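Here the structure comes first, spelled out in structure tokens, and everything after it is commentary.
Chain letters run A, B, ... following the sequence lines, proteins first, then strands; residues in each count from 1. Computed from a predicted model, the values in this text were never measured in an experiment.
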Number of protein chains: 2
Amino acid sequence: MRDVAALAGVSLKTVSRVVNDEPGVSDDVRTRVQTAVARLDYRPNLAASNLRRLGARTGLIGALVQDLSNSFSAALLRALEDAARTRRTGILTASLDEEIHREQALVHDLVTRRVDALVLMPSSRSQEYLAAELRTGTPAVFVDRPPRGVEADSVVVDNAYGARLAAEHLLDQGHRRIAGIFHLPQIHTAAERMRGFTSALTDAGLEPDPHLMVTGVATVEATAAAVRELLDLADPPTAIFAARNNLAVGAVRAIAERGLSREVALVGFDDFPMSDLVDPPLTVIRQDVPRIGRTVADLVFQRIEGDRSPVQHVVLNPSLLVRGSGEIPPRR
Amino acid sequence: MRDVAALAGVSLKTVSRVVNDEPGVSDDVRTRVQTAVARLDYRPNLAASNLRRLGARTGLIGALVQDLSNSFSAALLRALEDAARTRRTGILTASLDEEIHREQALVHDLVTRRVDALVLMPSSRSQEYLAAELRTGTPAVFVDRPPRGVEADSVVVDNAYGARLAAEHLLDQGHRRIAGIFHLPQIHTAAERMRGFTSALTDAGLEPDPHLMVTGVATVEATAAAVRELLDLADPPTAIFAARNNLAVGAVRAIAERGLSREVALVGFDDFPMSDLVDPPLTVIRQDVPRIGRTVADLVFQRIEGDRSPVQHVVLNPSLLVRGSGEIPPRR
DNA sequence: GTGAAAGCGCTAACAT
DNA sequence: ATGTTAGCGCTTTCAC
């Protein structure tokens with residue numbers, strides 16, 4: 001910048017004015033500075049300018065999701081990005097892969113970078129550590145999973161309700177032996193879906209069969225293996241609820257392998273790109289991901305703009321999307 | 001930081017030493033400083049520290065992809081993220097949606113933020129504007145599409161070769177009326193795939209039928225509409241090549257609607273999560289996305305670490321993944 | 001082992 | 001319309 005000022009024969013402040021499109025510079029000087037900028041390939045240093053600017057924002061949101069390559073996380077980030085773009089704000093993102101130590105380290109890094117806000121899909125059991133960050137003035141909005149041990153805004157869906165929808169739908173088709181496949185029980189969404197599923201069965205007068213409840217399944221492969229075992233039982237389930245998008249993928253695969261695509265009913269949780277093209281088309285509990293993303297963005301920017309009102313917990317209802325796989329009647 | 005120093009009764013420099021884990025501080029002083037840090041919720045300002053640090057890196061890579069929510073972009077970013085994590089580097093990402101003006105504005109923004117490197121999946125026709133950024137010392141690596149009008153590293157697949165693989169595979173099954181559906185022809189990957197496809201047909205002695213070549217298709221819906229038209233022709237194609245992942249989705253959908261899933265052969269370009277579960281499983285030209293991501297990361301960090309060797313253009317070969325939809329024989 | 005002074009690139013506040 | 005001075009939060013350099 002000093003070089004630009006020297007080459008244009010003006011002061012630093014004048015260069016600053018030109019670069020920031022501030023008024024009070026004659027056209028003559030302005031073009032002279034711009035020429036110098038171009039000749040020297042000068043690029044302003046945003047970090048340095050923010051340092052002095054009072055109440056400056058970095059124009060950066062830190063977003064921690066579980067897995068950037070999962071269609072749910074990717075769609076969520078995309079919705080967030082679109083909302084942030086209109087506010088000239090960028091997204092700094094990272095994947096946690098359910099590793100709890102990664103979360104706190106990354107939050108610390110993001111605070112150190114002075115992001116304007118944090119968006120968190122937490123992997124840890126408790127986010128008590130966040131209290132200190134919130135006190136420093138960095139707002140945080142939780143998504144998909146509510147905060148624990150700390151007060152912060154959140155946007156989640158009613159997972160228990162969604163799982164109940166799935167279970168009741170299968171019960172309505174006459175199923176009585178319904179298996180449920182769930183992610184790690186320490187993950188809030190998984191626990192809630194398990195709760196909703198189980199209570200729907202008991203409400204229908206069924207005694208849940210522990211052989212039909214599979215938990216702690218995280219991958220497509222593990223789900224496929226679990227479903228194979230279920231189908232090999234002496235008294236196999238006539239319907240399956242797969243409580244997460246990638247678990248549904250594993251279930252579809254294992255059922256198809258056995259040639260039972262038209263015999264065993266299946267309902268998934270979370271929609272994904274090709275779910276209407278599998279055979280039969282997959283019935284799912286759908287979350288309105290773009291809406292979740294927009295809601296998160298709204299909360300984030302409210303807070304960034306200084307809103308200090310009480311913490312908000314937004315709960316959205318998922319819905320049942322009937323497509324075929326969930327409407328297969330029980331065998332015999 | 002000044003407050004921390006005051007509370008601990010030490011100088012700024014000592015706080016700096018403790019915060020950065022530098023040696024030369026007695027245990028006593030160290031703990032006193034740490035206590036003060038905790039009491040005051042002090043968080044160092046990375047931007048400020050980088051300002052004075054000579055040869056400092058921001059530990060940030062700017063990655064511009066076409067669409068964060070497309071499985072190809074998401075998987076690519078994920079691979080990049082994993083490689084970057086081991087180098088304590090974060091990813092600042094944005095979607096371009098093929099909008100050419102967005103690209104240059106975002107590149108400028110990222111340079112202003114002093115990212116250590118740029119990863120670009122360009123939407124513009126020419127990246128001449130990048131020359132100035134490269135001169136300022138910000139390395140750039142192109143991915144999926146090669147640079148034009150500027151010298152920079154790149155990692156792409158041989159799209160013409162991949163399309164030729166698809167066409168030859170369909171020709172081998174005896175197909176003679178093969179339709180091709182392509183994205184906007186100004187996009188390099190689309191043009192190359194069209195070229196490879198067309199030349200494979202002419203090499204086989206076929207005269208390409210303009211009615212069977214559909215270009216400028218960008219969305220699932222548009223593809224479905226185009227395929228419906230193709231199937232309505234007096235002399236419809238017996239096989240279709242869909243030159244991009246979302247185009248394959250549209251093609252599967254339209255073919256399924258007509259009940260022709262087992263009548264019309266289909267080969268896609270780019271694999272995606274559920275492609276083996278559609279009916280019939282989708283035969284595709286696959287790109288090894290994690291490998292592309294790792295290769296990009298290798299180049300990026302070589303450049304960040306000061307490698308000034310000549311520009312490298314890495315070309316990877318895609319491969320044919322036979323799964324069923326591409327092996328349907330022509331109708332009589 | 002610790003600290004004082006200078007300065008990174010820039011802008012706020014105040015001249016002129 | 002333009003320039004000067006101080007200082008943002010931190011690290012460097014060099015002194016003690």
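Each of Glu103(A), His108(A), Gln104(A) was evaluated against Tyr129(A); a single residue qualifies, Glu103(A), per the side-chain hydrogen bond (donor to acceptor under 3.5 Å, both in side chains) test.
For Ala83(B), the side chain to side chain contact (heavy atoms under 4.5 Å, CB included) criterion is met by Arg87(B), Ala297(B), not counting sequence neighbours.
If you take CZ of Arg113(A) and C1' of dC10(D), they are 16 Å apart, rounded to a whole angstrom. In this structure, Glu22(B) atom CD and dG1(C) atom P are separated by 13 Å, rounded to whole Å. The interatomic distance linking Lys13(A) (NZ) with dA13(C) (P) rounds to 10 Å, in whole Å.
With a 4.5 Å cut-off on side-chain heavy atoms, Leu130(A) and Phe142(A) count as touching.
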**Message:** As a quick check of understanding, evaluate salt bridge (charged side-chain N to carboxylate O under 4.0 Å, His left out) for Asp67(B) and Arg78(A), giving each step before the final call.
**Reply:** CA-CA 8 Å; Asp67(B) 177 8; Arg78(A) 188 55 160 90; 2.8 Å; yes

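Counted by atom type alone, Asp307(A) and Ser309(A) present one or more donor-acceptor pairs between their side chains at under 3.5 Å. Between the side chains of Asp97(A) and Gln66(A), no donor-acceptor pair of N or O atoms lies under 3.5 Å.
Using a cut-off of 4.0 Å between Lys/Arg side-chain N and Asp/Glu carboxylate O, Glu81(A) and Arg294(A) are scored as not salt-bridged.
Between the axis at the start and the axis at the end of the helix from dG1(C)-dC16(D) to dT16(C)-dA1(D) there is an angle of 30°, using five pairs per end and rounding to 10 degrees.
The shortest distance between the side-chain N/O atoms of Ser26(B) and the OP1/OP2 oxygens of dT2(C) is below 4.0 Å.
A pairwise comparison of heavy atoms in Ser154(A) and Pro147(A) identifies CB-CD, 3.7 Å as the closest pair.
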Distances for protein N or O near nucleotides 6-10 of chain C N or O, under 3.5 Å:
{"unit_1": "dG7(C)", "atom_1": "N2", "unit_2": "Arg52(B)", "atom_2": "NE", "d": "3.1"}
{"unit_1": "dG7(C)", "atom_1": "N3", "unit_2": "Arg52(B)", "atom_2": "NE", "d": "2.9"}
{"unit_1": "dC8(C)", "atom_1": "O2", "unit_2": "Arg52(B)", "atom_2": "N", "d": "3.4"}
{"unit_1": "dG9(C)", "atom_1": "N2", "unit_2": "Ala48(A)", "atom_2": "O", "d": "3.3"}
{"unit_1": "dC10(C)", "atom_1": "OP1", "unit_2": "Tyr42(A)", "atom_2": "OH", "d": "2.7"}
{"unit_1": "dC10(C)", "atom_1": "OP1", "unit_2": "Asn45(A)", "atom_2": "N", "d": "2.9"}
{"unit_1": "dC10(C)", "atom_1": "OP2", "unit_2": "Tyr42(A)", "atom_2": "OH", "d": "3.4"}

Tabulated below should be each protein N or O lying under 3.5 Å from an N or O of nucleotides 14-16 of chain D; please produce it.
none

Expected list for residues 53-62 of chain B: side-chain donor-acceptor pairs under 3.5 angstrom, two or more places apart:
{"unit_1": "Thr58(B)", "atom_1": "OG1", "unit_2": "Arg114(B)", "atom_2": "O", "d": "2.8"}
{"unit_1": "Thr58(B)", "atom_1": "OG1", "unit_2": "Asp116(B)", "atom_2": "OD1", "d": "3.3"}

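Sequence neighbours left out, the pairs with a member in residues 7-24 of chain B that pass salt bridge (charged side-chain N to carboxylate O under 4.0 Å, His left out) are Lys13(B)-Glu22(B), Asp21(B)-Arg30(B).
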